[in-house]
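Please read the structure below before turning to the comments.
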Amino acid sequence: MIGHCITLRQIREGHESETKQVIPAHKFVLSISSPVFEAMFYGELAESKDSIELPDCEYESLLELFRFIYSDEVNLSGSNVMGVLYLAKKYMVPSLAKTCMAYLEKNLDPSNVFNILPSAEKYEERILVEQCWKVIDDETEAAIKSDGFAAIERSLVEAVVRRDTLKVKEVDLFKAVDFWATKKCEEKGLSADGSEKRRILGDRIVKGTRYPGMTSQEFVGVVLDCKILTQDETIGIMKYLHSLLDTVLGFPVNNRTGRKGLVYHCSRFGSMDESGAGIVRTSSKDDCLKFTVDKNISLRGVTLCGSENSKYFVTVKVKKEVSGKLRVSKSAEVNSELIRSGPVPYYGFRVMFESPIFIENGFVFLIESSISGASTCFGKSGKNSVISSGVKFNFLTCCSRKGTTVDEGQYSEFLFSVT
(Lines give C-alpha, C1' and ligand atoms only; values in the text may rest on other atoms or scores of the structure.)
Protein backbone atom coordinates (compact mmCIF):
# COMPACT_ATOMS: atom_id res chain seq x y z
CA MET A 1 0.00 0.00 0.00
CA ILE A 2 1.46 3.33 -1.02
CA GLY A 3 1.65 6.09 1.60
CA HIS A 4 0.53 9.56 0.60
CA CYS A 5 0.48 12.79 2.63
CA ILE A 6 -2.45 15.16 2.29
CA THR A 7 -1.53 18.77 3.12
CA LEU A 8 -4.31 21.13 4.08
CA ARG A 9 -3.59 24.76 3.24
CA GLN A 10 -5.83 27.04 5.30
CA ILE A 11 -6.96 30.34 3.80
CA ARG A 12 -7.93 33.05 6.28
CA GLU A 13 -9.20 36.58 5.72
CA GLY A 14 -8.28 36.62 2.05
CA HIS A 15 -4.64 35.63 2.40
CA GLU A 16 -2.75 32.38 2.74
CA SER A 17 -1.74 31.36 6.22
CA GLU A 18 1.78 30.05 6.64
CA THR A 19 0.45 27.26 8.85
CA LYS A 20 -0.10 23.92 7.13
CA GLN A 21 -1.57 20.85 8.77
CA VAL A 22 -0.66 17.40 7.46
CA ILE A 23 -2.78 14.25 7.49
CA PRO A 24 -0.93 11.08 6.44
CA ALA A 25 -3.11 8.79 4.31
CA HIS A 26 -2.88 6.00 1.73
CA LYS A 27 -3.63 6.45 -1.95
CA PHE A 28 -5.18 3.02 -2.24
CA VAL A 29 -7.53 3.39 0.75
CA LEU A 30 -8.78 6.79 -0.40
CA SER A 31 -9.17 5.60 -3.98
CA ILE A 32 -11.36 2.60 -3.24
CA SER A 33 -13.73 4.83 -1.25
CA SER A 34 -13.89 7.83 -3.57
CA PRO A 35 -13.90 7.93 -7.39
CA VAL A 36 -12.58 11.48 -7.16
CA PHE A 37 -9.51 10.37 -5.21
CA GLU A 38 -9.14 7.44 -7.60
CA ALA A 39 -8.94 9.82 -10.56
CA MET A 40 -6.62 12.12 -8.63
CA PHE A 41 -4.13 9.37 -7.80
CA TYR A 42 -4.50 6.82 -10.61
CA GLY A 43 -6.20 8.62 -13.49
CA GLU A 44 -4.65 10.02 -16.66
CA LEU A 45 -3.83 13.29 -14.89
CA ALA A 46 -2.78 11.67 -11.61
CA GLU A 47 -0.78 13.61 -9.06
CA SER A 48 2.83 12.45 -8.99
CA LYS A 49 3.90 14.44 -5.92
CA ASP A 50 4.25 12.87 -2.49
CA SER A 51 1.80 15.39 -1.06
CA ILE A 52 -1.10 17.42 -2.32
CA GLU A 53 -2.85 20.52 -1.01
CA LEU A 54 -6.58 20.80 -0.36
CA PRO A 55 -7.23 24.49 0.32
CA ASP A 56 -11.06 24.53 0.22
CA CYS A 57 -11.88 22.71 3.46
CA GLU A 58 -11.39 22.86 7.20
CA TYR A 59 -8.97 20.53 8.94
CA GLU A 60 -11.65 19.19 11.32
CA SER A 61 -13.99 18.31 8.45
CA LEU A 62 -11.25 16.66 6.38
CA LEU A 63 -10.19 14.62 9.38
CA GLU A 64 -13.74 13.29 9.75
CA LEU A 65 -13.87 12.42 6.04
CA PHE A 66 -10.73 10.33 6.43
CA ARG A 67 -12.01 8.82 9.68
CA PHE A 68 -15.11 7.62 7.84
CA ILE A 69 -13.11 6.25 4.90
CA TYR A 70 -10.82 4.29 7.21
CA SER A 71 -13.22 3.15 9.94
CA ASP A 72 -16.78 3.74 8.66
CA GLU A 73 -17.28 6.00 11.68
CA VAL A 74 -17.64 9.77 11.95
CA ASN A 75 -17.86 12.23 14.84
CA LEU A 76 -20.36 14.85 13.70
CA SER A 77 -21.16 18.08 15.52
CA GLY A 78 -22.94 21.31 14.79
CA SER A 79 -19.63 22.96 13.96
CA ASN A 80 -18.35 20.40 11.45
CA VAL A 81 -21.37 18.69 9.85
CA MET A 82 -21.78 21.18 7.00
CA GLY A 83 -18.08 20.95 6.16
CA VAL A 84 -18.19 17.15 6.25
CA LEU A 85 -21.28 17.14 4.04
CA TYR A 86 -19.51 19.40 1.53
CA LEU A 87 -16.53 17.00 1.37
CA ALA A 88 -18.79 13.93 1.15
CA LYS A 89 -20.51 15.47 -1.87
CA LYS A 90 -17.28 16.73 -3.47
CA TYR A 91 -15.43 13.43 -3.14
CA MET A 92 -18.54 11.35 -3.91
CA VAL A 93 -18.86 9.36 -0.68
CA PRO A 94 -22.67 8.88 -0.66
CA SER A 95 -22.84 6.84 2.56
CA LEU A 96 -21.16 9.68 4.46
CA ALA A 97 -23.47 12.24 2.85
CA LYS A 98 -26.45 10.14 3.98
CA THR A 99 -25.08 10.04 7.53
CA CYS A 100 -24.68 13.83 7.52
CA MET A 101 -28.24 14.29 6.27
CA ALA A 102 -29.60 12.01 9.00
CA TYR A 103 -27.70 14.05 11.60
CA LEU A 104 -29.08 17.31 10.22
CA GLU A 105 -32.65 15.99 10.13
CA LYS A 106 -32.48 14.83 13.74
CA ASN A 107 -30.90 18.07 15.02
CA LEU A 108 -32.88 20.53 12.93
CA ASP A 109 -34.52 23.30 14.98
CA PRO A 110 -35.37 27.03 14.70
CA SER A 111 -31.91 28.08 15.87
CA ASN A 112 -30.10 26.41 12.94
CA VAL A 113 -32.72 26.05 10.21
CA PHE A 114 -31.42 29.03 8.21
CA ASN A 115 -27.88 27.62 8.38
CA ILE A 116 -29.02 24.27 7.03
CA LEU A 117 -31.62 25.26 4.40
CA PRO A 118 -29.19 26.86 1.88
CA SER A 119 -27.01 23.74 1.82
CA ALA A 120 -30.02 21.43 1.60
CA GLU A 121 -31.20 23.39 -1.45
CA LYS A 122 -27.71 23.47 -2.98
CA TYR A 123 -27.36 19.68 -2.73
CA GLU A 124 -31.00 19.14 -3.83
CA GLU A 125 -31.90 17.21 -0.69
CA ARG A 126 -35.66 17.49 -1.17
CA ILE A 127 -36.77 15.85 2.08
CA LEU A 128 -34.45 17.99 4.19
CA VAL A 129 -35.58 21.13 2.34
CA GLU A 130 -39.20 20.27 3.12
CA GLN A 131 -38.36 19.69 6.77
CA CYS A 132 -36.58 23.05 6.94
CA TRP A 133 -39.59 24.87 5.57
CA LYS A 134 -41.86 23.03 7.98
CA VAL A 135 -39.77 24.27 10.91
CA ILE A 136 -39.87 27.79 9.48
CA ASP A 137 -43.66 27.57 9.06
CA ASP A 138 -44.38 26.09 12.49
CA GLU A 139 -41.84 28.08 14.52
CA THR A 140 -41.43 31.22 12.46
CA GLU A 141 -40.87 33.67 15.29
CA ALA A 142 -37.99 31.69 16.81
CA ALA A 143 -36.45 30.99 13.39
CA ILE A 144 -36.38 34.63 12.21
CA LYS A 145 -34.85 35.72 15.53
CA SER A 146 -31.94 33.29 15.12
CA ASP A 147 -28.44 34.43 14.18
CA GLY A 148 -28.72 32.41 10.97
CA PHE A 149 -31.53 34.56 9.58
CA ALA A 150 -29.37 37.70 9.67
CA ALA A 151 -26.78 35.96 7.47
CA ILE A 152 -28.96 34.50 4.69
CA GLU A 153 -29.01 35.66 1.08
CA ARG A 154 -31.57 38.19 -0.10
CA SER A 155 -33.31 35.60 -2.28
CA LEU A 156 -34.10 33.51 0.82
CA VAL A 157 -35.39 36.57 2.70
CA GLU A 158 -37.73 37.14 -0.24
CA ALA A 159 -38.89 33.51 -0.18
CA VAL A 160 -39.69 33.82 3.53
CA VAL A 161 -41.53 37.14 3.22
CA ARG A 162 -43.68 35.96 0.32
CA ARG A 163 -44.61 32.67 2.01
CA ASP A 164 -48.29 32.28 2.96
CA THR A 165 -47.91 29.60 5.63
CA LEU A 166 -45.80 31.41 8.24
CA LYS A 167 -47.00 31.42 11.83
CA VAL A 168 -45.89 34.88 12.98
CA LYS A 169 -47.17 38.37 13.70
CA GLU A 170 -46.48 40.55 10.69
CA VAL A 171 -44.79 43.23 12.79
CA ASP A 172 -42.29 40.65 14.14
CA LEU A 173 -41.48 39.53 10.59
CA PHE A 174 -40.95 43.17 9.59
CA LYS A 175 -38.57 43.70 12.53
CA ALA A 176 -36.49 40.68 11.48
CA VAL A 177 -36.34 41.84 7.84
CA ASP A 178 -35.42 45.37 8.90
CA PHE A 179 -32.64 43.98 11.11
CA TRP A 180 -31.37 41.89 8.16
CA ALA A 181 -31.27 45.01 5.96
CA THR A 182 -29.48 46.98 8.68
CA LYS A 183 -26.80 44.28 8.96
CA LYS A 184 -26.31 44.28 5.18
CA CYS A 185 -25.85 48.07 5.22
CA GLU A 186 -23.23 47.74 7.96
CA GLU A 187 -21.38 45.02 6.03
CA LYS A 188 -21.23 47.28 2.97
CA GLY A 189 -20.19 50.33 4.98
CA LEU A 190 -23.43 52.15 4.17
CA SER A 191 -25.61 54.32 6.33
CA ALA A 192 -28.55 52.22 7.52
CA ASP A 193 -31.20 54.79 6.60
CA GLY A 194 -34.56 54.06 5.03
CA SER A 195 -33.53 54.68 1.42
CA GLU A 196 -30.47 52.40 1.60
CA LYS A 197 -32.44 49.63 3.30
CA ARG A 198 -35.18 49.97 0.69
CA ARG A 199 -32.60 49.63 -2.09
CA ILE A 200 -31.04 46.54 -0.51
CA LEU A 201 -34.39 44.88 0.15
CA GLY A 202 -35.97 45.63 -3.22
CA ASP A 203 -39.64 46.03 -4.00
CA ARG A 204 -40.49 42.32 -3.94
CA ILE A 205 -39.56 42.07 -0.26
CA VAL A 206 -40.92 45.49 0.74
CA LYS A 207 -44.23 44.88 -1.04
CA GLY A 208 -44.42 41.25 0.03
CA THR A 209 -44.67 42.36 3.67
CA ARG A 210 -48.29 42.45 4.79
CA TYR A 211 -48.47 45.83 6.52
CA PRO A 212 -52.30 45.83 6.23
CA GLY A 213 -52.27 42.86 8.62
CA MET A 214 -50.68 44.94 11.39
CA THR A 215 -52.54 47.03 13.92
CA SER A 216 -52.33 50.80 13.48
CA GLN A 217 -50.25 50.97 16.68
CA GLU A 218 -47.75 48.43 15.30
CA PHE A 219 -47.52 50.20 11.96
CA VAL A 220 -47.04 53.66 13.46
CA GLY A 221 -44.78 52.56 16.30
CA VAL A 222 -42.47 50.28 14.30
CA VAL A 223 -42.71 50.67 10.52
CA LEU A 224 -42.89 54.46 10.18
CA ASP A 225 -39.69 55.05 12.14
CA CYS A 226 -37.75 52.81 9.72
CA LYS A 227 -38.68 55.07 6.78
CA ILE A 228 -38.57 52.24 4.26
CA LEU A 229 -41.94 53.06 2.68
CA THR A 230 -42.64 56.02 0.43
CA GLN A 231 -45.03 58.74 1.53
CA ASP A 232 -47.77 57.53 -0.84
CA GLU A 233 -47.38 53.93 0.39
CA THR A 234 -47.58 55.07 4.01
CA ILE A 235 -50.71 57.14 3.41
CA GLY A 236 -52.42 54.28 1.59
CA ILE A 237 -51.74 51.79 4.39
CA MET A 238 -52.81 54.26 7.09
CA LYS A 239 -56.11 54.84 5.28
CA TYR A 240 -56.66 51.08 5.04
CA LEU A 241 -55.89 50.55 8.74
CA HIS A 242 -58.46 53.25 9.60
CA SER A 243 -61.10 51.67 7.29
CA LEU A 244 -60.93 54.52 4.74
CA LEU A 245 -59.87 52.12 1.95
CA ASP A 246 -61.01 48.58 1.11
CA THR A 247 -57.61 47.58 -0.29
CA VAL A 248 -54.06 48.88 -0.61
CA LEU A 249 -52.62 49.01 -4.10
CA GLY A 250 -49.48 46.88 -4.37
CA PHE A 251 -49.70 45.24 -0.92
CA PRO A 252 -51.38 41.94 0.07
CA VAL A 253 -54.21 42.42 2.56
CA ASN A 254 -54.90 38.75 3.35
CA ASN A 255 -53.45 37.26 6.54
CA ARG A 256 -50.93 34.45 6.37
CA THR A 257 -52.58 31.09 6.92
CA GLY A 258 -50.20 30.46 9.81
CA ARG A 259 -52.18 32.98 11.82
CA LYS A 260 -55.55 31.47 10.94
CA GLY A 261 -56.33 28.00 9.68
CA LEU A 262 -52.86 26.46 10.07
CA VAL A 263 -52.69 22.82 11.12
CA TYR A 264 -51.67 22.86 14.80
CA HIS A 265 -50.13 20.04 16.83
CA CYS A 266 -51.54 19.01 20.21
CA SER A 267 -48.82 16.83 21.79
CA ARG A 268 -50.04 14.90 24.79
CA PHE A 269 -46.89 13.12 26.05
CA GLY A 270 -43.93 14.47 28.00
CA SER A 271 -41.52 11.74 26.87
CA MET A 272 -41.21 8.72 24.59
CA ASP A 273 -40.05 5.18 25.36
CA GLU A 274 -37.89 3.88 22.49
CA SER A 275 -36.10 1.19 24.53
CA GLY A 276 -37.24 -1.60 22.22
CA ALA A 277 -39.98 -2.67 24.61
CA GLY A 278 -42.69 -1.54 22.20
CA ILE A 279 -45.58 -3.83 21.34
CA VAL A 280 -45.62 -5.90 18.17
CA ARG A 281 -48.75 -4.74 16.38
CA THR A 282 -51.43 -7.11 15.08
CA SER A 283 -54.64 -6.17 13.31
CA SER A 284 -56.79 -8.06 15.85
CA LYS A 285 -56.25 -5.53 18.64
CA ASP A 286 -57.00 -1.83 18.69
CA ASP A 287 -55.82 1.28 20.50
CA CYS A 288 -58.49 3.75 21.56
CA LEU A 289 -58.82 7.00 23.47
CA LYS A 290 -61.61 9.44 24.34
CA PHE A 291 -61.24 13.21 24.08
CA THR A 292 -63.15 16.48 24.29
CA VAL A 293 -62.34 20.07 23.28
CA ASP A 294 -63.51 23.38 24.70
CA LYS A 295 -63.78 25.02 21.25
CA ASN A 296 -65.00 23.76 17.90
CA ILE A 297 -62.12 22.44 15.79
CA SER A 298 -61.48 20.61 12.54
CA LEU A 299 -59.52 17.42 13.22
CA ARG A 300 -57.11 17.01 10.31
CA GLY A 301 -55.22 13.89 11.36
CA VAL A 302 -53.39 12.05 14.11
CA THR A 303 -49.77 11.06 14.78
CA LEU A 304 -49.05 7.51 15.95
CA CYS A 305 -45.88 6.07 17.45
CA GLY A 306 -43.69 3.80 15.33
CA SER A 307 -40.05 2.76 15.00
CA GLU A 308 -37.20 3.72 12.70
CA ASN A 309 -37.33 2.54 9.06
CA SER A 310 -40.62 0.68 9.51
CA LYS A 311 -43.81 0.30 7.49
CA TYR A 312 -47.30 -0.04 8.95
CA PHE A 313 -50.83 -0.68 7.78
CA VAL A 314 -53.23 1.34 9.89
CA THR A 315 -56.95 2.02 10.10
CA VAL A 316 -58.13 5.02 12.12
CA LYS A 317 -61.79 5.56 13.09
CA VAL A 318 -63.33 8.59 14.80
CA LYS A 319 -66.80 8.39 16.41
CA LYS A 320 -69.06 10.66 18.41
CA GLU A 321 -69.68 8.74 21.65
CA VAL A 322 -73.25 9.85 22.36
CA SER A 323 -74.52 8.54 19.03
CA GLY A 324 -71.85 6.02 18.14
CA LYS A 325 -72.02 7.43 14.61
CA LEU A 326 -68.84 6.97 12.62
CA ARG A 327 -67.34 10.29 11.51
CA VAL A 328 -64.46 8.87 9.50
CA SER A 329 -62.62 5.64 8.77
CA LYS A 330 -59.21 6.00 7.12
CA SER A 331 -56.97 3.10 6.09
CA ALA A 332 -53.45 3.63 4.80
CA GLU A 333 -50.04 2.03 4.38
CA VAL A 334 -47.48 4.42 5.85
CA ASN A 335 -43.73 4.64 6.48
CA SER A 336 -42.28 5.91 9.74
CA GLU A 337 -40.53 9.28 9.83
CA LEU A 338 -38.75 11.39 12.40
CA ILE A 339 -41.39 13.45 14.25
CA ARG A 340 -40.01 16.68 15.70
CA SER A 341 -43.09 18.63 16.75
CA GLY A 342 -43.34 17.14 20.25
CA PRO A 343 -41.15 17.67 23.33
CA VAL A 344 -38.59 15.13 22.03
CA PRO A 345 -37.89 13.70 18.54
CA TYR A 346 -39.18 10.18 17.91
CA TYR A 347 -40.09 7.90 15.01
CA GLY A 348 -43.76 7.76 14.16
CA PHE A 349 -46.23 8.24 11.31
CA ARG A 350 -49.07 10.62 10.54
CA VAL A 351 -52.49 9.65 9.22
CA MET A 352 -54.20 12.63 7.57
CA PHE A 353 -57.91 12.56 6.76
CA GLU A 354 -59.10 13.42 3.25
CA SER A 355 -61.55 15.94 4.72
CA PRO A 356 -61.33 17.63 8.13
CA ILE A 357 -63.63 16.18 10.83
CA PHE A 358 -65.78 18.70 12.66
CA ILE A 359 -65.32 18.19 16.42
CA GLU A 360 -67.91 20.03 18.51
CA ASN A 361 -67.19 21.61 21.83
CA GLY A 362 -68.70 19.73 24.79
CA PHE A 363 -69.12 16.29 23.20
CA VAL A 364 -67.02 13.18 23.85
CA PHE A 365 -65.33 11.66 20.83
CA LEU A 366 -63.67 8.26 20.50
CA ILE A 367 -60.66 7.53 18.29
CA GLU A 368 -59.70 3.93 17.50
CA SER A 369 -56.71 2.59 15.58
CA SER A 370 -55.81 -0.83 14.28
CA ILE A 371 -52.10 -1.06 13.49
CA SER A 372 -50.24 -3.89 11.76
CA GLY A 373 -46.47 -3.87 11.45
CA ALA A 374 -43.27 -3.69 13.44
CA SER A 375 -43.01 -2.97 17.14
CA THR A 376 -43.46 0.65 18.12
CA CYS A 377 -42.24 3.14 20.68
CA PHE A 378 -44.89 4.57 22.99
CA GLY A 379 -45.60 7.81 24.77
CA LYS A 380 -45.16 8.32 28.51
CA SER A 381 -46.00 11.03 31.06
CA GLY A 382 -49.30 11.83 29.35
CA LYS A 383 -51.50 14.67 30.53
CA ASN A 384 -55.22 14.73 31.25
CA SER A 385 -55.50 18.21 29.73
CA VAL A 386 -53.40 20.01 27.10
CA ILE A 387 -53.91 23.55 25.84
CA SER A 388 -52.69 23.99 22.26
CA SER A 389 -53.16 27.17 20.19
CA GLY A 390 -55.93 28.30 22.54
CA VAL A 391 -57.86 25.00 22.46
CA LYS A 392 -58.10 22.84 25.58
CA PHE A 393 -58.06 19.08 24.93
CA ASN A 394 -59.24 16.75 27.69
CA PHE A 395 -58.30 13.07 27.40
CA LEU A 396 -60.03 10.08 28.98
CA THR A 397 -59.01 6.43 29.08
CA CYS A 398 -61.32 3.94 27.41
CA CYS A 399 -61.26 0.15 27.00
CA SER A 400 -58.05 -0.01 24.95
CA ARG A 401 -56.95 -3.63 24.62
CA LYS A 402 -53.45 -2.51 23.61
CA GLY A 403 -52.83 -0.52 26.77
CA THR A 404 -53.28 3.05 25.51
CA THR A 405 -54.36 5.28 28.39
CA VAL A 406 -54.20 8.94 29.27
CA ASP A 407 -50.78 8.28 30.83
CA GLU A 408 -49.11 6.30 28.05
CA GLY A 409 -49.47 4.50 24.74
CA GLN A 410 -50.51 5.75 21.31
CA TYR A 411 -51.91 9.04 19.87
CA SER A 412 -48.88 11.22 20.44
CA GLU A 413 -50.43 14.16 18.53
CA PHE A 414 -53.77 15.44 17.36
CA LEU A 415 -53.49 17.60 14.22
CA PHE A 416 -56.21 20.25 13.97
CA SER A 417 -57.34 23.64 12.75
CA VAL A 418 -59.42 26.17 14.67
CA THR A 419 -62.81 26.72 13.07
Side-chain angles (χ1 to χ4, degrees), residues 263-274 277-307 312-332 334 336 339 341-344 346-353 356-373 375-389 391-418:
V263 177
Y264 298 105
H265 302 249
C266 175
S267 301
R268 72 184 195 95
F269 294 123
S271 62
M272 302 297 295
D273 190 322
E274 298 183 277
I279 304 168
V280 177
R281 297 290 167 181
T282 63
S283 58
S284 62
K285 295 183 178 181
D286 296 342
D287 287 284
C288 66
L289 188 71
K290 295 179 182 180
F291 68 97
T292 65
V293 293
D294 69 344
K295 296 179 182 177
N296 294 342
I297 66 168
S298 294
L299 187 64
R300 309 293 291 273
V302 64
T303 305
L304 296 162
C305 306
S307 57
Y312 300 90
F313 185 82
V314 58
T315 298
V316 177
K317 299 178 180 179
V318 179
K319 302 176 181 178
K320 191 174 181 179
E321 186 182 49
V322 67
S323 64
K325 184 178 179 181
L326 184 67
R327 288 293 179 92
V328 72
S329 178
K330 170 66 181 288
S331 298
V334 291
S336 63
I339 305 296
S341 46
V344 294
Y346 64 97
Y347 286 94
F349 52 93
R350 292 190 171 112
V351 178
M352 304 300 292
F353 307 130
I357 307 169
F358 181 57
I359 304 294
E360 301 103 315
N361 164 31
F363 290 90
V364 178
F365 285 80
L366 177 71
I367 185 167
E368 298 178 335
S369 300
S370 172
I371 308 171
S372 300
S375 62
T376 71
C377 64
F378 60 93
K380 300 184 69 176
S381 304
K383 300 177 182 178
N384 291 302
S385 298
V386 177
I387 297 177
S388 176
S389 300
V391 179
K392 183 178 181 181
F393 285 75
N394 292 307
F395 300 106
L396 306 103
T397 299
C398 62
C399 53
S400 174
R401 289 174 289 171
K402 291 296 284 185
T404 289
T405 66
V406 170
D407 298 322
E408 64 180 23
Q410 279 288 0
Y411 309 115
S412 53
E413 292 181 329
F414 286 75
L415 311 176
F416 69 98
S417 297
V418 179

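Heavy-atom basis, side chains included; hydrogens, waters and symmetry copies ignored.
Remark: aromatic rings of Phe395 and Phe414 are close, center separation under 6.0 Å.
Rounding to the nearest 0.5 Å gives a distance of 7.5 Å between CD1 of Ile357 and CD1 of Ile367. Within the model, atoms CD1 of Ile297 and CZ of Phe358 stand 9.5 Å from one another, a figure rounded to the nearest 0.5 Å. In this structure, the separation between OG on Ser298 and CG on Leu415 is 12.5 Å, given to the nearest 0.5 Å. To the nearest 0.5 Å, atoms OG1 (Thr405) and CG (Leu289) are separated by 8.5 Å. The structure places OH of Tyr346 at 5.5 Å from CD1 of Ile339, a figure rounded to the nearest 0.5 Å. Taking CZ from Phe291 and CG from Asn394, the interatomic distance works out to 11.5 Å, rounded to the nearest 0.5 Å.
Using a 4.5 Å heavy-atom cutoff, the side chains of Asp287 and Phe378 are not in contact. Annotation: side chain of Leu366 is in contact with side chain of Cys398 (closest heavy-atom distance under 4.5 Å). Put simply, the side chain of Glu408 does not reach to within 4.5 Å of the side chain of Asp273, judged on heavy atoms. Side-chain atoms of Phe416 and Ile359, non-hydrogen and from C-beta on, never get closer than 4.5 Å to each other. For the pair Ser329 and Thr315, the minimum side-chain heavy-atom distance is below 4.5 Å.
The two residues Phe313 and Ser331 come nearest to each other via the heavy atoms CZ-CB, 4.1 Å. Val386 approaches Cys266 most closely through the heavy-atom pair CG1-SG, 3.8 Å. Between Cys305 and Gln410, the closest heavy-atom pair is N-OE1, 2.7 Å. In terms of heavy-atom proximity, Thr303 sits nearest to Glu413 at OG1-OE1, 2.7 Å. Here the shortest heavy-atom pairing between Asp286 and Ser370 reads OD1-CB, 3.3 Å.
Of the possible donor and acceptor atoms, none in the side chain of Ser388 sits under 3.5 Å from a partner among the backbone N and O of Val391. With hydrogens and angles disregarded, no donor-acceptor distance shorter than 3.5 Å links the side chain of Asn361 to the backbone of Asn296. In this structure, the side chain of Ser336 engages the main chain of Ser307 through a donor-acceptor pair within 3.5 Å. When atom types are taken as modelled, the side chain of Tyr411 and the backbone of Ser369 share a donor-acceptor pair closer than 3.5 angstrom. Judged by distance alone, with hydrogens and angles left aside, the side-chain atoms of Thr397 form a donor-acceptor pair with the main-chain N or O of Val406 at under 3.5 Å. Between the Asp294 side chain and the Lys392 main chain, a donor and an acceptor come within less than 3.5 Å of each other.
For NZ of Lys383, the number of neighbouring non-hydrogen atoms (other residues, nucleotides, ligands) closer than 6.0 Å is 12 at most.
Contacts of Ser271 classified as side chain to side chain contact (heavy atoms under 4.5 Å, CB included), with partners at least two apart in sequence or in another chain: Lys380, Ser381.
The cationic atom of Arg268 (NZ for Lys, CZ for Arg) does not lie both less than 6.0 Å from the six-membered ring centre of Phe393 and within 45° of the ring axis.
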Tyr312 and Thr376: CA distance, side-chain angles, deciding distance, side-chain contact (heavy atoms from CB on, under 4.5 Å) verdict: CA-CA 10 Å; Tyr312 300 90; Thr376 71; 3.8 Å; yes
Trace of the side-chain contact (heavy atoms from CB on, under 4.5 Å) decision for Arg300 with Arg350: CA-CA 10 Å; Arg300 309 293 291 273; Arg350 292 190 171 112; over 6 Å; no
